[in-house]
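Take a look at the structure below.
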2 protein chains.
Amino acid sequence: MVRARSEERRADILRAALEVIAERGYRGASLGSVAERVGLTQQGLLHYFPTKEALLVAVLEERDRWDTSGGRDREGWRLDLLESLVEYNAMRPGIVQTFSALLGESVTDGHPAREFFTERYALVRANMAQVLRLEFGDRLPSGLSPERAAPLLTAVMDGLQYQWLLDPAAVDMPAAFRDFLRLLHGGEPRP
Amino acid sequence: MVRARSEERRADILRAALEVIAERGYRGASLGSVAERVGLTQQGLLHYFPTKEALLVAVLEERDRWDTSGGRDREGWRLDLLESLVEYNAMRPGIVQTFSALLGESVTDGHPAREFFTERYALVRANMAQVLRLEFGDRLPSGLSPERAAPLLTAVMDGLQYQWLLDPAAVDMPAAFRDFLRLLHGGEPRP
DNA sequence: ACCCAGTTACCTGTAAATCGGTAGGTGATG
DNA sequence: CATCACCTACCGATTTACAGGTAACTGGGT
C-alpha cells in the first residue's frame with residue numbers, strides 16, 4: 001500500500017499548493033510554505049515534484065482534469081449549466097482566487113503558465129461558441145455569430161470574478177452573469 | 001534646478017517600474033532591476049522611494065492621475081469614448097499588461113494594491129453606470145438598469161484584455177468590444 | 001567674491017532573510 | 001536486500017533594507 005499512500009500525499013500537496021498560490025500567487029508561493037502546510041520539509045516536497053514549475057504544472061493539469069470531467073465530459077455544456085457553474089464558483093472563492101491570480105501572473109513574460117492559459121482560452125472560446133450555437137443556432141437574437149459572442153461570454157465570466165474577488169459584497173456574481181445571459185437572449189425578461 | 005532634476009528622476013523611475021512590473025509583475029519586479037533600468041543602484045532608488053511598496057503606490061497614483069485627467073475630467077465619459085479608449089489600449093500592450101498583471105496579483109491576500117483596486121472598481125462601476133444612464137436613460141433596451149449593466153461593461157473590458165494579452169492574434173479586442181456595445185444597444189446593426 | 005552650513009543625490013558595504021535546488025544519508029517497507 | 005519516503009545539511013543566488021559616507025550644489029552672511 002505504499003503506492004496509495006504516495007498518491008494521497010501528492011493529492012495533499014496539490015491541495016496545499018492550490019491554497020498557497022491563492023494567497024500569494026505563483027511567484028510568491030514558496031516551496032517551503034507549501035511543504036509546511038502538508039507537514040513536510042521543503043526537500044521532502046521536492047521528492048514528489050522535482051521543481052517548483054513541475055508543481056505548478058501538476059496543479060494546472062489537475063484543474064484541467066477536474067473541470068473537463070465534472071459535468072462537461074468533452075463537449076456537453078449547455079448555457080444553463082454555465083449559469084450553475086458560476087453559482088458554484090461563487091461558493092468556492094479559494095479556487096477562483098487561485099486561477100484568477102494565476103491568470104493575472106501568466107501575462108507576464110516567460111511565465112510558466114502562459115502557454116497553458118493561451119491554449120486553454122482558445123479551447124474555452126471554442127467550447128463557448130459551440131454552446132451558443134447549440135442554444136441559438138448560427139445567429140444570436142442580437143445578430144451576433146456564436147464565434148463573435150464566445151469571447152464576450154468568456155470575458156464576462158473572468159471579469160466578474162475579479163470584481164467579485166475584490167469586493168464580494170459589491171458584486172452579485174451569479175446575478176450579474178444571469179443579466180448577461182438575458183442580454184444574449186435578446187433582453188426580454190424570462191418566464 | 002536641483003528640484004526639477006529630482007522630479008525628472010522620479011518620473012524616470014516610475015516609468016521604469018511600470019515596465020518591469022509589466023514584465024515580471026509586482027512580486028517579480030526587484031528594486032535592483034528597476035534601478036538598473038534607470039541607471040541607478042538599488043540603494044539610489046531607495047533614496048527616492050523608501051520601500052518597494054512606496055514605489056508601487058506611486059506607480060498606481062500616477063496611473064490614477066493620468067487617466068482621471070486625460071479626456072475624462074471627472075465624469076466626462078461617453079460610450080463612444082469608451083470605444084476609442086479600448087482602441088487606444090489595443091495599441092499600448094505595455095500599460096495594459098502592467099495593470100492586468102497587477103489586478104491579478106492584487107486578489108492575493110495582503111497585496112499592497114488590493115485596496116487600491118477595490119476602491120478603483122467601485123468608482124469605475126459608478127462611472128460606467130453614469131455613462132450608461134447618459135446614453136440610455138434609466139433602462140437599457142434590454143430592460144437592464146444602468147447599475148446592473150455597469151459591472152458587465154467593466155467585466156467585458158477586463159476580460160477581453162486578458163484574452164488579448166495572451167493571444168493578440170486570436171482576439172480582436174476593439175471589434176469584440178464593439179460587439180458588446182451593440183448587444184447593449186439592443187442588438188440591431190448600427191447605421 | 002568668498003566661505004560656510006545645510007540639503008540633496010547618490011554611492012559602497014553589508015546585514016538578514018529567503019529562495020530553489022543538490023547531495024547524501026536513514027529508517028521503514030516489501 | 002532493494003526500493004521508497006523523507007530528512008539533515010548545505011550551497012549559491014537573490015531579495016529588501018539599513019548605515020554611513022561623499023561629492024555636488026544651495027542660499028545666506030560677510
Side-chain angles (χ1 to χ4, degrees), chain A residues 1-60 101-102 105-106 108-114, chain B residues 1-60 101-102 105 108-113:
Chain A
M1 278 308 93
V2 86
R3 190 66 171 240
R5 186 102 195 119
S6 180
E7 300 276 332
E8 199 176 312
R9 268 277 200 236
R10 277 182 67 98
D12 284 350
I13 292 172
L14 289 179
R15 196 163 34 84
L18 214 71
E19 289 175 21
V20 176
I21 291 174
E23 289 165 17
R24 305 248 220 282
Y26 170 68
R27 276 195 170 98
S30 71
L31 293 176
S33 60
V34 175
E36 189 187 24
R37 201 164 297 213
V38 204
L40 237 63
T41 55
Q42 179 231 125
Q43 296 80 354
L45 190 157
L46 283 174
H47 169 71
Y48 290 92
F49 302 94
T51 69
K52 188 183 179 183
E53 193 170 328
L55 175 59
L56 174 64
V57 169
V59 166
L60 294 172
L102 236 31
E105 265 187 294
S106 75
T108 62
D109 294 354
H111 194 281
R114 172 149 203 171
Chain B
M1 281 307 97
V2 87
R3 190 64 172 242
R5 187 107 193 113
S6 180
E7 301 274 334
E8 201 177 310
R9 268 277 198 238
R10 276 181 68 98
D12 283 351
I13 292 172
L14 289 179
R15 196 163 33 86
L18 213 69
E19 289 175 21
V20 176
I21 290 175
E23 290 166 16
R24 306 247 222 281
Y26 167 69
R27 278 197 169 94
S30 72
L31 294 176
S33 60
V34 175
E36 188 187 26
R37 201 165 297 213
V38 204
L40 238 63
T41 55
Q42 178 240 126
Q43 297 83 346
L45 192 158
L46 283 176
H47 169 70
Y48 290 91
F49 303 94
T51 69
K52 189 183 178 183
E53 191 171 329
L55 175 59
L56 174 64
V57 169
V59 165
L60 294 173
L102 236 31
E105 265 186 294
T108 61
D109 296 354
H111 194 283

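To find a chain, count down the sequence lines: A is the first, B the second, and so on, and within it residues start at 1. Atom set for the values below is all heavy atoms of this structure, side chains included, hydrogens, waters and symmetry mates excluded. Note that the structure is a prediction, hence the values are computed from the model and not measured.
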### Task
For B/Ala58, check side-chain contact (heavy atoms from CB on, under 4.5 Å) against everything at least two apart and list the hits.
B/Leu14, B/Phe49
Between the protein and nucleotides 5-7 of chain C, which nitrogen or oxygen pairs are less than 3.5 angstrom apart?
none

### Task
Examine C/dC10: is either OP1 or OP2 under 4.0 Å from a nitrogen or oxygen in the side chain of B/Arg9? Give yes or no.
yes
Going by atom type alone, with no hydrogens or angles, which donor-acceptor pairs under 3.5 Å involve a side-chain atom of residues 16-24 of chain A and a protein atom two or more places apart or on another chain?
unit_1: A/Glu19; atom_1: OE1; unit_2: A/Arg37; atom_2: NH1; d: 3.1
unit_1: A/Glu23; atom_1: OE1; unit_2: A/Arg37; atom_2: NH2; d: 3.1
unit_1: A/Glu23; atom_1: OE2; unit_2: A/Arg37; atom_2: NH1; d: 3.0

### Query
What one-letter contact string describes nucleotides 15-21 of chain C from 5' to 3', where B marks a base within less than 4.0 Å of any protein heavy atom, S marks contact via sugar-phosphate atoms alone, and - marks no contact?
----SBB
### Task
Measure the distance from CG on B/Leu55 to C1' on D/dT15 and round it to the nearest whole Å.
15 Å
### Summary
Residue set satisfying side-chain contact (heavy atoms from CB on, under 4.5 Å) with B/Thr41, at least two apart, ordered chain then number -> B/Gln43
### Task
Would you please name every residue forming a side-chain contact (heavy atoms from CB on, under 4.5 Å) with B/Leu46, sequence neighbours left out?
B/Leu31, B/Gln42
### Query
Does any non-hydrogen side-chain atom of A/Glu105 lie less than 4.5 Å from one of B/Tyr26?
no
### Task
List for me each residue that meets side chain to side chain donor-acceptor pair (under 3.5 Å) alongside A/Arg114, sequence neighbours excluded, and say none if there are none.
none
### Task
Can you tell me the distance, in whole Å, between the NE2 atom of A/His47 and the P atom of D/dT3?
14 Å
### Task
Mind listing the residues from residues 10-20 of chain B sitting with a heavy atom below 4.0 Å of DNA chain C? Number order is fine.
none
### Message
Side chain of A/Thr41 only, heavy atoms from C-beta on: which candidate in D/dA5, C/dA9, D/dT8 is closest?
### Response
D/dT8
### Query
Could you state the CG-C1' distance from B/Leu45 to C/dT12, rounded to the nearest angstrom?
16 Å
#### Entry: Set of residues satisfying side chain to side chain donor-acceptor pair (under 3.5 Å) with respect to B/Ser33, sequence neighbours excluded
B/Ser30
### For B/Asp12, all residues meeting salt bridge (charged side-chain N to carboxylate O under 4.0 Å, His left out), sequence neighbours excluded
B/Arg15
#### Entry: With sequence neighbours excluded, residues passing side chain to side chain donor-acceptor pair (under 3.5 Å) with B/Thr108
B/Arg27
#### Entry: Residues in side-chain contact (heavy atoms from CB on, under 4.5 Å) contact with A/Ala35, at least two apart in sequence or another chain
A/Leu40, A/Leu45
### Summary
Rounded to whole Å, CG of A/Leu40 lies from P of D/dA5 at a distance of 11 Å
